[in-house]
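Because only heavy atoms are used, hydrogens play no part in the values below, and waters and symmetry mates are left out as well, while side chains stay in.
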Protein chains: 2
Amino acid sequence: MALPIIPPDRSLTYGLVESLGQLIVTGAYDTKPFPTEGELSRQHGTSRSVTREAVKMLTAKGLLQARPRQGTRVTPEARWNLLDPDVLRWLLERKFSLQLLAEFSEMRLAIEPAAAALAASRADHAAIGRIRDGLERMKAAGHGEDEPVAADIAFHTAVLAATGNRFYAQLDALINTALRISIRFTNRIKGRAAGIARHEEVLDAIAAGDPERAALAMRALVQEVLALIGTASAQTGAARKAARRAG
Amino acid sequence: MALPIIPPDRSLTYGLVESLGQLIVTGAYDTKPFPTEGELSRQHGTSRSVTREAVKMLTAKGLLQARPRQGTRVTPEARWNLLDPDVLRWLLERKFSLQLLAEFSEMRLAIEPAAAALAASRADHAAIGRIRDGLERMKAAGHGEDEPVAADIAFHTAVLAATGNRFYAQLDALINTALRISIRFTNRIKGRAAGIARHEEVLDAIAAGDPERAALAMRALVQEVLALIGTASAQTGAARKAARRAG
DNA sequence: ACCGACATATTATATGATTATTCTTCTTAA
DNA sequence: TTAAGAAGAATAATCATATAATATGTCGGT
């Protein structure tokens with residue numbers, strides 16, 4: 001299943017949603033008040049209809065709330081819907097932090113091993129085939145015959161889908177986003193973070209119908225990612241300290 | 001056409017979002033095409049502005065997609081944002097199924113033990129205090145001095161918050177919804193599903209800073225819920241079979 | 001100091017007109 | 001006959017403007 005992360009088109013409304021979403025998550029309105037509808041329309045050169053519809057979409061994602069006479073306000077960050085793919089994408093694109101990525105990976109560490117276990121106990125032949133396809137793509141990518149990140153994502157997506165659980169399946173959009181963007185920002189993580197061998201272990205366990213082994217293999221795989229984030233974080237921390245000493 | 005059950009809580013727009021959201025998840029538009037803007041406005045007696053803004057909000061939640069000349073369509077169910085509290089609520093309120101509840105609990109089974117473990121390794125005094133407050137409320141509810149469901153929710157919410165991980169914390173809105181609504185539908189589950197003793201074990205382990213024990217205790221707790229759903233499901237399945245035999 | 005009436009700013013709603021997009025149908029040429 | 005292209009039509013997207021509803025603050029009176 002292809003996952004359109006990018007909005008259907010680039011209409012004025014969706015463009016404004018993008019712009020405002022990114023502005024909001026960066027904290028651009030933490031100090032100054034959020035503009036009124038009229039103000040927004042003027043600033044972005046859009047009619048009030050477009051402005052209002054964009055604000056309504058951001059309200060649906062938990063980023064804004066509006067009341068007459070009181071104006072539109074940015075919702076406290078704790079109530080943003082982080083599990084909305086757009087919101088997560090804006091945060092990772094515009095306010096990237098290893099901290100956020102670590103928190104997300106920490107959730108993956110709970111979800112994905114469980115997903116692998118479920119897949120091992122339930123996946124039918126076709127579902128296992130799709131996981132195998134993902135692995136084949138990773139191998140092909142190793143020879144430069146496919147896109148490594150896309151192949152990796154395909155593998156994890158196939159495992160999530162093989163659980164037969166709609167909630168697990170939903171997470172693939174988020175993992176997709178996180179993987180793509182984290183690689184854009186931290187080249188440290190892109191390397192050969194989680195080798196093909198590890199992925200193969202996961203597939204083998206699922207194909208063998210061994211939930212426990214599948215969970216362990218997947219856990220090892222995600223843990224490796226988390227560890228890489230940890231070291232990257234420590235290194236930037238050290239770099240900051242060094243900079244302070246030098247400055 | 002049977003229209004809104006829930007009255008506009010605030011405004012025409014939000015009321016329409018509710019009505020349409022509920023209609024969509026029930027599959028009311030699986031056979032017939034989704035109405036055009038003008039049609040919707042006529043059916044619900046709202047202006048086009050209100051209609052369009054409601055459609056935009058539902059689009060933001062992944063339930064609809066609109067294109068000129070092509071009209072507005074219901075998105076395939078697989079792409080609905082189940083992790084949006086509103087969407088989950090509509091589904092559980094309007095298209096309740098033990099299957100869906102089981103899938104959600106299956107996800108809890110992955111998340112909550114991990115959350116308990118994180119809480120055990122990280123929670124500070126204040127966070128533990130909030131978990132304890134939840135437990136106290138449950139005890140009070142045992143004496144009829146508090147609302148049992150609200151107390152249970154408070155406990156789980158406090159654990160999720162104690163992880164210090166924003167993604168875990170986000171899930172509390174979903175668990176909140178699922179708990180409240182599942183109890184409204186299946187009185188089998190409301191009983192003394194997960195006793196106070198089990199919750200106390202979780203708190204003890206977290207307070208003691210023992211991640212492993214916290215995870216096991218929480219796992220047992222959620223597993224109990226899942227088992228109850230399983231038996232309820234088996235029973236309704238048996239009831240259906242019996243009905244078929246009788247009919 | 002409190003209370004209520006009133007002014008005011010801002011979102012909410014309504015309506016009509018225009019534009020852009022794309023699906024359908026018809027036409028035309030090979 | 002078929003394929004390509006042009007014209008038409010349906011629908012959402014956008015714009016513009018007007019009115020209503022609703023909080024919030026202000027001011028006068030007690």
Phosphate OP1/OP2 of dT14(D) contacted by Thr46(A) side-chain N/O (<4.0 Å): no
Students often get this wrong, so: under 4.0 angstrom with heavy atoms, is Ser49(A) touching a base, only sugar-phosphate, or nothing? base
Pair Phe104(A)-Leu92(A), side-chain contact (heavy atoms from CB on, under 4.5 Å): steps then yes or no: CA-CA 11 Å; Phe104(A) 182 76; Leu92(A) 289 174; over 6 Å; no
Report the distance from atom CZ of Arg42(B) to atom C1' of dT15(C), rounded to the nearest whole Å. 15 Å
In whole angstrom, what separates Tyr14(A)'s OH from dA12(D)'s C1'? 11 Å
Starting at CD of Glu53(A) and ending at C1' of dA12(C), how long is that distance when rounded to a whole Å? 13 Å
Could you tell me how far apart Leu40(A) (CG) and dT10(C) (P) are, to the nearest whole angstrom? 12 Å
Please determine if Glu106(A) and Arg166(B) form a salt bridge, counting it only when a charged side-chain N lies under 4.0 Å from a carboxylate O. no
Carboxylate-amine/guanidinium proximity below 4.0 Å for Glu39(B) and Arg42(B): yes
Counting only side-chain nitrogens and oxygens, does Thr72(B) get under 4.0 Å of the OP1 or OP2 atom of dA12(D)? yes
Any side-chain heavy atom of His156(A) within less than 4.5 Å of one from His199(A)? yes
Which of these, Val74(A), Val87(A), Asp84(A), sits in a side chain to side chain contact (heavy atoms under 4.5 Å, CB included) with Leu63(A)? Val87(A)
Check: Arg73(A) side chain, Gln65(A) main-chain N or O, donor-acceptor pair, under 3.5 Å: no
Presence of Ser47(B) side-chain N/O under 4.0 Å of dA14(C) phosphate oxygens OP1/OP2: yes
Which comes earlier along DNA chain D counting from the 5' end, the contact point of Val50(A) or that of Gly38(B), where each point is its nearest nucleotide? Gly38(B)
Leu16(B) has an atom CG; how far is it from atom P of dA14(C), in whole Å? 10 Å
Between Arg52(B) and dA13(D), is there a contact of a side-chain N or O with OP1 or OP2 at under 4.0 Å? yes
With respect to the phosphate group of dA12(D), does any side-chain polar atom (N or O) of Lys56(B) fall under 4.0 Å of OP1 or OP2? no
Taking the side chain of Thr36(A) as heavy atoms from C-beta outward, which of dT14(D), dA12(C), dT10(C) is closest to it? dT10(C)
Atom-to-atom span, CD of Glu39(B) to C1' of dA12(D) - whole angstrom: 15 Å
Separation of Phe34(B) atom CZ from dA12(D) atom C1', in whole Å? 13 Å
Check the pair Arg89(B), Asp86(B) against salt bridge (Lys or Arg N to Asp or Glu O under 4.0 Å), reporting the backbone distance first and the verdict last. CA-CA 5 Å; Arg89(B) 178 167 52 82; Asp86(B) 286 324; 2.8 Å; yes
Whole angstrom value for the distance that separates P of dA12(C) from CZ of Arg48(B): 19 Å
I'd like a table of atom pairs between the protein and nucleotides 19-26 of chain C - only N or O on both sides, under 3.5 Å - with the distance next to each one.
| from | atom 1 | to | atom 2 | distance (Å) |
| --- | --- | --- | --- | --- |
| dT22(C) | OP1 | Arg67(B) | NH2 | 2.9 |
| dC23(C) | O4' | Arg69(B) | NE | 3.1 |

